[in-house]
Amino acid sequence: MTNAPAHVPIRRILEQVTALPGVQPLRIFPLLLPMWAVRVRSVVQEAQPYEVFDRYLSRAIGRAGLRDVPGLAAFFAVEPALVERALGFLDTVGHLRRDGDALGLTEIGLSSVADGQRYVLKEDQQILYFDGFTGAALPKAHYAGAVWLDEPQLSLSGSTRFHPVASSGVFRMDTVVELARRADREKFNLPGALKSVEPLALGNSWLPAYVVACASGLLVYVKAIEGADPYLSKLVAPYLRDALAAEKAVDDVRVWREWLAGRGFRDVEPRRLPNRILRASLPVEAFPERMKWWQLGSFETRENTFLQLWCDDEPTRLRAVLVRAGSQVTRRGVRDVEGIERRLGELSKQLEVPTPGVESLRVHARAERDDVLNQMLENMTADR
């Protein structure tokens, strides 16, 4: 299996979903969404600043009607050789047209003179992505930071395994040309200054996604988009809703009773919260001897169901907030005071405790004799 440590852990997704007001998550599915990957050759018109002489030479040809080297040399009072060198460059960038000794400007040369900037044509190759359900172009926001797979295989640490979804049809290469003609093509990762595009090769690609089945519908999470992805959530709903609903029914209470018993918590009974989430309240002594601090308030997954690990003791949950926030500071997941305050607020909401301040985190670092965390906090507050 391909390892992609940069992808988002499944528990982080569940933390986000369960924080949404009014949402009742039921199951979570790590899936590989099918995509078409089309390699294209594109020609783009790029604007550059003119060299001074090139600009005036172009204007003399395009507007003053000077059509030969001797006339241009006399007009600018320079040697014909200098004019020839400049004309050679204009020819190289596609601005000059020659008919024997007669000179003229090409269409791009005339446009450059009219707009006062030198246009050049740049050829490039890139990959365009189209979804495997409708064949529609994927919005540009899904490109930066995305995880793309050439093979439908992916597993992450923690035994999260992604399962591929089959595409629903055949891709039409004409779709690329149609996209290039659209005025809003920049929204789909094609340059606005595009002059031409040529499809070169068609391949398959897969986009890792967490699809959360909720009482009100599906939510899709991908690495490139912050929070639930409204575009993909709407796109995949007609194709996945019935398939996911047809998945074998799972008695999640039984699943998690067995899981808890296997870890020595036979007397702990999962209880269902008003938002349908299962929560297991573990004794104080479970942390951090048998369970890690990061597990408190977070989620375990099994058979596409999930369980929130909890402790009814508020001081224990508050300590978990401080430990988890401190860990993010030392791992440089949080780099400034504002980031610490934001993370403390998020964790406090998740663990249902009053939000501690940065000073509380500093006191915690001293009590734990965590010199690294303490020094990092000192540096951050000094720079504020």
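In this structure, R290 contributes its side chain and R263 its backbone to a donor-acceptor pair below 3.5 Å. Under a 3.5 Å cut-off, the side chain of Q126 and the backbone N or O of N189 do form a donor-acceptor pair. A donor-acceptor pair is defined here as one N or O able to donate and one able to accept, closer than 3.5 Å; such a pair exists between the side chain of R317 and the backbone of D312. In this structure, the side chain of Y143 engages the main chain of Y129 through a donor-acceptor pair within 3.5 Å. Listed for the R97 side chain is no donor-acceptor partner under 3.5 Å among the backbone atoms of G104. E300 places no side-chain N or O within donor-acceptor distance of the main-chain N or O of L309, the cut-off being under 3.5 Å. Under a 3.5 Å cut-off, the side chain of S281 and the backbone N or O of C311 do not form any donor-acceptor pair. Listed for the R319 side chain is no donor-acceptor partner under 3.5 Å among the backbone atoms of T316. For D131 (side chain) and T134 (main-chain N/O), a donor-acceptor pair under 3.5 Å exists by modelled atom type. Panel note: side chain T305, backbone R302; a donor-acceptor pair is recorded below 3.5 Å.
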Next on the checklist: Between T381 and R362, is the side chain to side chain contact (heavy atoms under 4.5 Å, CB included) condition met? List the steps.
Outcome noted: CA-CA 11 Å; T381 52; R362 196 197 310 273; 3.5 Å; yes

Item to check | Check against ring-ring contact (aromatic ring centres under 6.0 Å, His included), F162 and W206 | outcome: CA-CA 10 Å; F162 289 73; W206 284 266; over 10 Å; no

Checklist entry - Checking ring-ring contact (aromatic ring centres under 6.0 Å, His included) for the pair F171/F130: CA distance, chi angles, key distance, verdict? => result CA-CA 9 Å; F171 182 75; F130 300 79; 4.9 Å; yes

Checklist entry - Given E15 and R12, is the salt bridge (Lys or Arg N to Asp or Glu O under 4.0 Å) satisfied, shown in steps? => result CA-CA 5 Å; E15 289 173 8; R12 294 289 188 215; 3.3 Å; yes

Checklist entry - Under the side chain to side chain contact (heavy atoms under 4.5 Å, CB included) criterion, do V8 and Y221 qualify, and how do the steps go? => result CA-CA 9 Å; V8 181; Y221 288 79; over 6 Å; no

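In the hydrophobic clustering of this structure, W36 does not group with L32; members are Ile, Leu, Val, Met, Phe, Trp, Tyr whose side-chain heavy atoms approach within less than 4.5 Å, directly or through other members. In this structure, W293 is a member of the same hydrophobic cluster as L347, with clusters built from ILVMFWY side-chain heavy atoms closer than 4.5 Å. The hydrophobic cluster containing M291 also contains L278, counting ILVMFWY residues as joined when their side-chain heavy atoms lie under 4.5 angstrom apart, directly or transitively. Both L296 and W259 are part of a single hydrophobic cluster, where members link through side-chain heavy atoms under 4.5 Å apart. With hydrophobic clusters built from ILVMFWY side chains whose heavy atoms lie under 4.5 angstrom apart, V236 shares a cluster with L31.
Considering R276, R279, R272 as possible partners of D252, the one that fulfils the salt bridge (charged side-chain N to carboxylate O under 4.0 Å, His left out) test is R272. Put simply, the residue from V93, L121, V120 that forms a side-chain contact (heavy atoms from CB on, under 4.5 Å) with I108 is L121.
Considering only heavy atoms from C-beta on, R98 comes within 4.5 Å of L103 through its side chain. A heavy-atom distance below 4.5 Å is not found between the side chains of F287 and V323. Side-chain atoms of L377 and L373, non-hydrogen and from C-beta on, do get closer than 4.5 Å to each other. You'll find the side chain of I10 stays beyond 4.5 Å of the side chain of L156, heavy atoms only. Contact of the L207 side chain with the L232 side chain is registered, since non-hydrogen atoms from C-beta on lie closer than 4.5 Å. Side-chain contact between W310 and E352 is present, with heavy atoms from C-beta onward closer than 4.5 Å. The side-chain heavy atoms of R118 and H95, taken from C-beta on, include a pair separated by under 4.5 Å. Taking 4.5 Å as the limit, every side-chain heavy atom of V113 sits out of range of all side-chain heavy atoms of Y119.
Open room surrounds CG on D267; 12 or fewer heavy atoms of other groups in view lie less than 6.0 Å from it. In this structure, Q48 places its CD atom where more than 12 heavy-atom neighbours from other residues, nucleotides or ligands lie under 6.0 Å away. Within 6.0 Å of CG in D99 there are 12 or fewer heavy atoms belonging to other residues, nucleotides or ligands.
The pair R254-E258 meets the salt-bridge criterion, since a charged nitrogen lies less than 4.0 angstrom from a carboxylate oxygen. With respect to E123 and R41, a salt bridge is recorded, a charged nitrogen being found less than 4.0 Å from a carboxylate O. Classification of E346 and K349 as a salt-bridged pair fails, no side-chain N sitting under 4.0 Å from a carboxylate O. A salt bridge does not link R85 to E51: none of the charged nitrogens lies less than 4.0 Å from a carboxylate oxygen.
There is no side-chain donor-acceptor pair under 3.5 Å between Q24 and S216. Side-chain contact, D229 with H142: a donor N or O sits under 3.5 Å from an acceptor N or O.
For the pair R59 and Y50, the NZ or CZ position fails the cation-pi test of under 6.0 Å to the six-membered ring centre and within 45 degrees of the ring normal.
Of all heavy-atom pairs spanning V220 and A209, the tightest one is CG1-CB, 4.0 Å. Of all heavy-atom pairs spanning L179 and A137, the tightest one is CD2-CB, 3.8 Å.
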